[in-house]
Amino acid sequence: MRQPLHDWTLTPQQAIDLQRHLAPRAERSDRLGEVHIIAGVDIGFEDDGTTTRAAVVLLSWPELVPIEEVVHREPTRMAYIPGLLSFREIPAALRAFERLSQSPDLVMVDGQGIAHPRRLGVASHLGLWLDLPTVGVAKKRLCGGHGEVPEPRGEWTPLTDRRRKEDPADVALDAEGRVTIGAMLRSREGVKPIVVSPGHRISQTTALEWVIACLGRTKLPEPTRLADRLASRRGQRFKHERMQGELGIGE
DNA sequence: GCGACAG
DNA sequence: ATCTTGTCGC
């Protein structure tokens with residue numbers, strides 16, 4: 001784990017200032033060693049959003065089979081504000097990570113990495129706290145724009161944004177003078193593309209490669225898909241229904 | 001000033 | 001995110 005970078009109870013403006021301060025700390029280069037364990041992280045809510053539910057799933061590579069799961073619940077701290085998602089979700093996620101018996105070599109987070117107005121999405125922020133390589137896998141775009149994404153599975157199109165003051169002085173600009181912040185990936189045919197962006201200690205190219213390598217036949221890559229189910233309680237529900245069926249109760 | 005807006 | 005059944009399609 002790692003030493004606290006800051007407090008979690010902040011006003012929106014303080015949070016924004018903090019993001020501007022932390023963004024340059026997120027490494028864009030690859031520092032990945034051998035990958036044996038990949039983690040998937042997601043947060044869900046219960047009781048009208050009063051309770052926050054953090055789920056972390058560890059999968060073995062290359063089997064992509066779940067080897068450990070942790071679910072942590074705690075009172076929700078603050079409301080959802082676009083751009084400040086990490087302050088709402090990370091505290092609970094950190095608690096879940098503390099309960100893991102081993103540390104992953106790569107983490108996939110449900111949300112944006114640097115594809116964020118201040119280049120510090122929840123994946124980047126979490127990566128800094130854990131000091132682990134992270135990738136953002138979001139179902140929807142927060143900022144930036146892109147062209148059409150080819151239909152075949154595995155195809156992608158760059159997600160670009162106007163240059164922001166949080167971008168390093170030496171950022172590469174495309175022909176239109178825009179910055180590449182991620183990729184719109186067709187993870188499955190006939191389904192809306194997902195947003196893949198590097199979080200911390202990983203490059204755009206490597207981040208995309210790992211997400212593609214973790215794709216099954218569903219829209220989301222295995223790590224995020226399993227964490228999603230745990231966080232939204234679908235895994236338990238199915239298990240419960242199956243038990244009822246085996247016991248001959250229910251309908 | 002007018003939209004857009006992760007989960 | 002969450003509330004929710006059946007239904008259309010590969």
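In what follows, chains are A, B, ... by sequence order, proteins preceding strands, each numbered from 1. The analysis underlying the following values was restricted to heavy atoms, covering all of them including side chains, and did not include hydrogens, waters or symmetry mates. Since this is a predicted model, take the numbers as computed values, not measurements.
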| query | Between atom CZ in A:Arg53 and atom P in C:dA1, what is the gap in whole Å? | reply | 14 Å

| said: A quick test of your reading: do over 12 heavy atoms of other residues, nucleotides or ligands sit less than 6.0 Å from CD of A:Gln13? | reply: yes

| Does the ring center of A:Phe87 lie less than 6.0 Å from the ring center of A:His125? | yes

| note | Heavy-atom contacts, protein to nucleotides 2-7 of chain B, under 4.0 Å, summarised as B (base), S (sugar-phosphate only) or - (none) per nt, yield --SBBB

| query | Taking the six-membered ring where the residue is Trp, are the ring centres of A:His200 and A:Trp129 under 6.0 Å apart? | reply | no

| message | Determine whether a donor-acceptor pair (N or O, by modelled atom type, separation under 3.5 Å) exists between the side chain of A:Thr76 and the backbone of A:Gly49. | response | yes

| field | Between C:dA1 (P) and A:Asp228 (CG): distance, integer Å | value | 6 Å

| note | note: A:Glu46, atom CD; C:dT2, atom P; distance rounded to Å ~ 9 Å

| request: Would you mind telling me which of A:Arg118, A:Arg119, A:Gln14 makes a side chain to side chain donor-acceptor pair (under 3.5 Å) with A:Gln19? | output: A:Arg118

